[in-house]
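A quick note: this is a predicted structure, and the numbers were derived from the prediction, not measured. Letters A, B, ... mirror the listed sequences (proteins, then strands); counts begin at 1.
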Amino acid sequence: MIELPQGYYLTNFLELVDYVYEQYNDLLNKQETEFYLNFKSLTKEAQFLYVRMLTRKGLVFRESKLNYQEIKDIQSASKTLSKASLVELNPPLAAESLIPVFSKPEWISILKQLELDKETIVSIKKLSRGALDEMLIELDKEFDLYTLIDEPIILLSQFEAFETFKLLFFGNLNQDLTDFVLRDLGLYRFESYQIDRNSRLFSSREQIENYLNYYQVLEGLDEALQGDCKAIINFHQLLPQVEATDNTLMRRVQRVNISLARQLERLASLDQALSIYRENSLEPSRERQARILLKQNKVDRSLEICQQIINAPRSESELIFAQEFGFRAAKKHKIKWPQPDGYKPPQETISIPQTEDNVEISARQYFSQYGECFYIENGLFLSVFGLHYWPLFFAPIKGAFTNPFQFRPHDLYEDDFLKKRQDIYQKLSLTVDNMQDNIENYLNRISEKQGTSTPFVFWELLTKDLLEFAFEHIPGTHWKQIFDRIFLDIKANRSGFPDLILFPAEGGYELIEIKGPGDKLQKNQLRWMKYFAKHDIPHKVVNVEWQ
DNA sequence: GTAAAAAGCG
DNA sequence: TTCACACCCTCAG
DNA sequence: GAGGGTGTGTCTCGCTTTTTACGT
Ligand SMILES: [Mn+2]
């Protein structure tokens, strides 16, 4: 087990804020700059204490609950923090903030000071935590609960400033200081790509504000989705208006907007949903419009949307939707519409005994009688794809990598991703056909990079056995064609591969999608199969029924 | 009382 | 904060 | 049976300590 040095968390914190200050000091506001400079001037113990609190839940702490051996004198540490305005000591607190700091049994013993009668105490003990909280809030209205507390309370201040630092460092607010720890413990592994110190993820204060605003508003999303139509529209208006120059944030905002509109549909506010979809450029905004319009009996307008999609589809999935949905709608209303070319993959049915394992495992067992069979789903093809194009994904392109905790370049899903990496893409693609020659490289890469975070390689799946079978029996042209399709739309085509791969004793291979009773082909699975058929890649659907 | 969930932590 | 499945409903034939 | 929708696992580490839920 790896041991971390004492104060590891402060080292991590400083690495983060120092880097951000170096890169972004011109974009920080006054509060953030002061936060940084103040913090740097603190005593070590005060710094320890601040970061400890920052990584714990909530903003309010009892001094007695902050016990750390590296903080010898907590009172002087908290006083130092207080002078620097990084905490407040015994501040006025609303009941909502004070209540969570004590556990249920603790509150009961605190309330004993009020000399309540026995029955009241018994009834309080029966309350759930949530009900107790409500009761205490009510009680606080008559009697200030704070006066019953006789121990020092510390309120963490200026944590918002650190939010900005985290955002600037990671580019999101999903990652935090634990990434450092997990990496240093050897639990996470990141590729050691070259970090581009010369480009920044954020280029203006306005952009930063938009992000911060987005994340802040996002906290209310669940509540809005559970609310009524009004709550949802309100929420929609709270989201930042993002300029088209900021693709990343625009996508995030639009994704939220789609979930809002989807909920409006459920609440039968179709017109409001429509208007949100109309100003949205992500999928499935046009699909939803077509569906809503048909539902409203506006057949012509629905078909118009379908036609717009067909003229300029944003993806294969959207195109297929428009062709099929348009066809069905048109047929029903006796309008002319080209018949889509449906594809029916080869099917067969097997009958096997039901076990505790899931249906894919049972089916794999069954097919083992014909040869070697592996349960791979997306793992095999994506993994080899990731291994082969490894240098492409981690290439030091401008702005692609700005911190050590990325599992992919920032621009992986941008339209110009490949264009920016043309040379390396061309070069690596030349060798896709000779898989036999690649095996050694792959095995080397596996042993060298084992466990490194990437969106493509499923390390635990890649046994030598599987790879040897795969490279012996799957022709180079098939690999090439599969990789080509993944590149066409990395996000959409990274899933939908069949469950099993069978290498029959007599040679060759076959991809097998298992369908248990009641399950059916997903759209993305069908799209892959259509492509397999076009390129003579052997595949079939096997329906399982229980013996 | 015990079991499950949440928080803390390296 | 994904992807694949499980399970439900409706509707047309 | 096809098409469509919703709900549900998994808690991207694994361990220890604290807190809550509940009467099997
Ligand atoms: Mn399946």
Within a strict 4.5 Å, meaning less than it, do heavy atoms of the A:Y9 and A:R52 side chains meet?
yes

Does a side-chain N or O from A:N524 land closer than 4.0 Å to OP1 or OP2 of C:dA4, or not?
yes

How would nucleotides 2-11 of chain D be written as a contact map, 5' to 3', with B for base contact, S for sugar-phosphate-only contact and - for no contact, using protein heavy atoms under 4.0 Å?
-BBSS-----

Give one of base, sugar-phosphate or nothing for A:K125, where a contact means two heavy atoms less than 4.0 Å apart.
nothing

Separation of A:F497 atom CZ from C:dA4 atom P, in whole Å?
10 Å

Test item: side-chain donor near acceptor, A:Y277 and A:R286, under 3.5 Å:
no

Nucleotide nearest A:R494 when distance is taken to its side chain, options C:dC3, C:dC5, B:dC9:
C:dC3

Could you state the atom-to-atom distance from CG of A:D179 to P of B:dC9 in whole Å?
18 Å

Can you check whether A:Q525 has a side-chain N or O nearer than 4.0 Å to OP1 or OP2 of C:dC3?
no

Determine the interatomic distance between C1' on C:dA12 and the same-named atom on D:dG4; round to the nearest Å.
14 Å

So do the side chains of A:E287 and A:I305 get within less than 4.5 Å of each other, counting heavy atoms only?
no

Protein-to-nucleotide contact annotation, 5' to 3' order, nucleotides 12-20 of chain D [B base; S sugar-phosphate only; - none; under 4.0 Å, heavy atom]
SB-----SS

Counting any heavy atom closer than 4.0 Å, what does A:G516 reach on the DNA or RNA strands: base, sugar-phosphate only, or nothing?
nothing

Taking atom P in both D:dC11 and B:dA4, compute the distance separating them and give it to the nearest angstrom.
16 Å

Tell me: CZ of A:R56 to P of B:dA7, nearest whole Å?
12 Å

With rounding to the closest Å, how many angstrom separate the P atoms on D:dG9 and B:dA6?
15 Å

Rounded to whole angstroms, how far apart are CD1 on A:I514 and P on C:dC5?
10 Å

Hey, which of these two, A:E360 or A:K332, hits DNA chain C nearer its 5' end, going by closest nucleotide?
A:E360

Kindly assign one of parallel, tilted or perpendicular to the pair A:F532 and A:F497, based on the angle between their ring planes and the thresholds 30° and 60°.
tilted

Now, which nucleotide makes the Watson-Crick or G-U wobble pair with D:dT10, with each of the two distances under 3.5 Å?
none

Take A:S285 and A:R314 through the side chain to side chain contact (heavy atoms under 4.5 Å, CB included) test and state the conclusion after the steps.
CA-CA 11 Å; A:S285 57; A:R314 291 193 188 109; 4.0 Å; yes

Between C:dC3 atom P and A:L461 atom CG, what is the distance in whole Å?
17 Å

Round to a whole Å and report the spacing from CG of A:L132 to C1' of D:dA21.
14 Å

If we only count heavy atoms from C-beta on, is the A:L488 to A:F483 side-chain gap below 4.5 Å?
no

Quick check: A:F385 with A:F393 (ring centres under 6.0 Å apart)?
yes

Just to verify, what does A:Y211 make a ring pair (Phe, Tyr, Trp, His ring centres under 6.0 Å) with, not counting sequence neighbours?
A:F202

How close or far is atom P of B:dC9 from atom CD of A:Q6, stated in whole angstroms?
14 Å

When rounded to the nearest Å, what value does the distance between P atoms of C:dA6 and D:dT10 take?
13 Å

Of the candidate nucleotides B:dC9, C:dC3, B:dG8, which contains the atom at the shortest distance from the side chain of A:N378?
C:dC3

Would you say A:Q175 and A:F180 make side-chain contact, with heavy atoms under 4.5 Å?
no

Using distance alone, with no hydrogens and no angle criterion, decide if A:Y215 and A:R252 have a side-chain donor and acceptor under 3.5 Å apart.
yes

Any side-chain N or O of A:Y68 less than 4.0 Å from the OP1 or OP2 oxygen of B:dG8?
no

Hey, does A:N172 reach any base, or is it just sugar-phosphate, or nothing, if we go heavy atoms under 4.0 Å?
nothing

Look at all strands and tell whether A:R183 reaches a base, only sugar-phosphate, or nothing, counting heavy atoms closer than 4.0 Å.
nothing

Report the relative orientation of the aromatic rings in A:F39 and A:F13; use parallel for angles under 30°, tilted for 30 to 60°, perpendicular for over 60°.
tilted

For a quick test of reading the model: is some side-chain N or O of A:S495 closer than 4.0 Å to OP1 or OP2 of C:dA4?
yes

May I have the distance from A:E377 (atom CD) to C:dA4 (atom P), rounded to whole angstrom?
6 Å

